[in-house]
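Take a look at the structure below.
Sequential numbering from 1 along the given sequence is applied to the chain's residues. Whatever order the structure lists ligands and atoms in, that order sets their numbers, starting from 1. Just so you know, these numbers use all the heavy atoms, side chains as well, and skip hydrogens, waters and symmetry mates.
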Amino acid sequence: MVLRKLPGVSASGMGLRLSQKFVFLLFLSGLVTLCFGALFFLPDTVRLKRIFLSKNENPAVTVGSDSVLSKKVPGDPEHQRAGLKVSEGANVKPKVSRKPSVTHGARTVERSVGSRAQDERSPARAHEPAAGDERVTSAAHSGEHGRAYSYEAFKKCLLKPALGKNQGTPSDSETLQRREKVKEMMKFAWDNYKRYAWGQNELRPLTRNGHIGNMFGGLRGASIVDSLDTLYIMGLMEEYEEAKEWVQNNLDLISNGEASLFEVNIRYVGGLLSAYYLTGAEIFKQKVVELGEKLLPAFNTPTGIPRGVINLGSGTSWSWGWASAGSSILAEFGTLHLEFIHLSQLSGNPLFTEKVMNIRKLLNKIEKPHGLYPNFLSPVSGNWVQHHVSIGGLGDSFYEYLIKSFLMSDKTDQEAKKMYYSAMEAIETNLVQKSPGGLTYVAEWRGGILDHKMGHLACFSGGMMGIGAEDGPAGHKQHYLDLAAEITHTCHESYSRSATKLGPEAFRFDAGAEATATRMSDRYYILRPEVIESYMYMWRLTHDPKYRQWGWEAVEALEKHCRVDAGFSGIRDVYASTVSHDNMQQSFFLSETLKYLYLLFSDDDLLPLDDWVFNTEAHPLPVIRKRCLQEHSNTQDDEQTNLE
Ligand code: DMJ
């Protein structure tokens with residue numbers, strides 16, 4: 001192209017004089033400023049505004065409001081059009097650690113190291129829009145039956161006050177002193193977390209710093225969220241207020257990390273739900289519904305069985321690299337029910353309930369080998385992948401959530417009831433064993449062959465069988481109570497046969513062993529709660545003083561071997577009298593171990609079991625009395641109308 005020579009312009013066409021350049025630049029910058037400024041005068045719905053303004057400048061998310069564009073989740077067409085992170089899903093390289101995590105104590109931690117992540121081998125990563133995604137946001141809903149959730153109605157439907165007549169204060173002085181000791185342990189654990197690891201996920205008490213880990217997808221403050229209800233029921237109100245303030249100002253749910261769906265659900269969703277129900281503070285409800293929505297894309301699989309890992313930002317999900325053939329884990333997808341039912345209650349969004357009911361339906365229908373539920377299931381075909389059955393790691397809390405779903409539904413969920421008792425029957429027929437020394441235990445099953453081993457995680461089953469005894473088949477109540485007591489006794493034996501009086505990660509009943517670990521790799525104790533959890537339930541059910549006595553032995557052992565200068569730590573070998581610490585104060589120590597101990601030394605009217613069920617992280621969730629809630633909400637509506 002030939003450029004015509006203009007006066008004052010060089011032959012190159014770029015040679016403007018300095019003064020001309022200046023005027024031109026001035027004009028350009030004025031134009032840009034004008035355009036950008038105009039954005040602020042455009043109506044809210046204009047998408048450009050969302051693109052240009054940072055996330056903090058977006059309108060605040062309010063459940064029940066209709067202005068919440070930021071609440072749209074990936075997969076939702078509105079979200080896609082907004083040009084937000086949705087397309088990342090197809091190309092992101094997941095960075096899930098392939099290492100088994102011994103320090104993270106989910107009952108599902110029994111992980112073998114996978115060589116390559118599942119999603120790299122097959123199209124396991126899912127980002128298909130789920131049916132009903134248009135209903136994903138709860139903003140359009142407001143409480144069940146289209147009205148705002150009524151906290152007042154909920155309180156009226158409890159049979160007893162949540163904290164009892166007198167905060168569960170026991171009348172005898174020895175029990176009171178023991179309870180005070182547990183409270184002091186909680187304060188010590190909390191103060192040190194606060195001092196050295198505030199805002200991080202867990203405290204490293206030896207090195208006096210924080211730990212973040214890779215289980216929570218970039219979410220922080222796991223110990224804070226896990227502690228809210230414990231602090232509250234213990235009456236540590238100053239600490240509770242600090243925790244609440246942190247949630248209000250610092251719990252950032254806008255995260256782009258890869259999270260364990262299970263861990264986020266039991267600790268964060270469970271922790272926030274309980275905090276809401278106990279205190280009525282709206283912030284917890286707001287946060288938990290927002291977080292719940294971020295978990296929904298994990299269900300976008302061909303069967304609706306969620307995968308184990310989800311990117312909280314993009315909604316992309318995939319299976320754990322160590323899980324055989326891209327499978328999902330029974331204890332993970334089977335441990336969502338309680339929290340998701342409550343998410344629907346609070347938000348009015350039925351999608352949460354639909355997702356977990358779909359899992360239930362599939363599990364109910366599928367053929368089960370000898371009536372047992374194997375631990376691995378393909379989220380693509382909906383078939384079992386391997387025949388390993390365990391009431392400990394990988395299986396455990398699935399069974400727990402069946403009986404608790406029944407109890408939490410005010411005993412109306414007949415499907416859960418039926419599935420629980422049939423599973424118990426199959427477990428008793430195939431897995432329950434008696435050792436030569438007379439100890440009852442629940443073995444594991446590998447394609448028909450028994451592995452005579454019981455994990456610490458499996459010790460929750462004493463308590464579970466105990467709370468399930470009441471509603472079992474006619475004439476079985478005493479039988480289940482006896483079985484619960486025998487298993488709890490065996491788990492206590494695993495503690496009393498060690499030098500530290502704390503139990504190993506797994507103990508065996510073969511080659512001459514009776515409730516002891518035979519492998520070096522099974523000798524550690526990471527402040528787990530399951531044995532104490534069973535003591536607590538068995539105490540409530542029988543009032544046999546031995547359970548309080550066993551609980552006190554555990555307190556003494558924790559004080560002697562796990563308490564260090566700056567918190568509590570797990571230990572590497574329960575059989576060594578000179579202990580080696582693992583430098584980790586797990587968040588479940590604050591949410592579960594210390595809470596169960598505190599309840600063990602309290603009167604039964606502190607969180608009475610006919611009103612509350614504990615999720616698998618010991619977060620209390622209320623029984624849902626549908627009819628009562630409806631009646632009270634109607635009354636409130638009438639009162640409101642009269643006022644108007
Ligand atoms: C907790 O996170 C929960 O109890 C989970 O169900 C299993 N593992 C840990 C405690 O051991």
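- With a 4.0 Å cut-off on non-hydrogen atoms, Thr335 does not touch ligand 1 at all.
- By the criterion of a heavy-atom distance under 4.0 Å, the side chain of Ile266, and not its backbone, is placed next to ligand 1.
- Contacts between Ala618 and ligand 1, counted as non-hydrogen atom pairs separated by less than 4.0 Å, are absent for every part of the residue.
- Between Trp539 and Trp550, the ring center distance fails the sub-6.0 Å criterion.
- Here the CG atom belonging to Leu203 is positioned 9.0 Å from the CE atom belonging to Met584, to the nearest 0.5 angstrom.
- With sequence neighbours excluded, no residue forms a ring pair (Phe, Tyr, Trp, His ring centres under 6.0 Å) with Tyr420.
- A side-chain N or O of Asp229 and one of His619 form a donor-acceptor pair less than 3.5 Å apart.
- Within ligand 1, the atoms closer than 4.0 Å to a non-hydrogen atom of Glu592 are 1 (C), 2 (O), 3 (C), 4 (O), 9 (C), 10 (C), numbered from 1 in the order shown.
- Classification of Lys501 and Glu553 as a salt-bridged pair fails, no side-chain N sitting under 4.0 Å from a carboxylate O.
- Annotation: Glu263 places no N or O atom under 3.5 Å from an N or O atom of ligand 1; distance criterion only.
- Every atom of ligand 1 is numbered from 1 in the order shown, and the set under 4.0 Å from a heavy atom of Arg267 is 2 (O).
- Taking any N or O of Ser397, backbone or side chain, none lies under 3.5 Å from an N or O belonging to ligand 1.
- Contact annotation: for Glu530 versus ligand 1, heavy atoms closer than 4.0 Å belong to the side chain alone.
- Annotation: disulfide bond (SG atoms under 2.5 Å apart) contacts of Cys491 (sequence neighbours excluded): Cys459.
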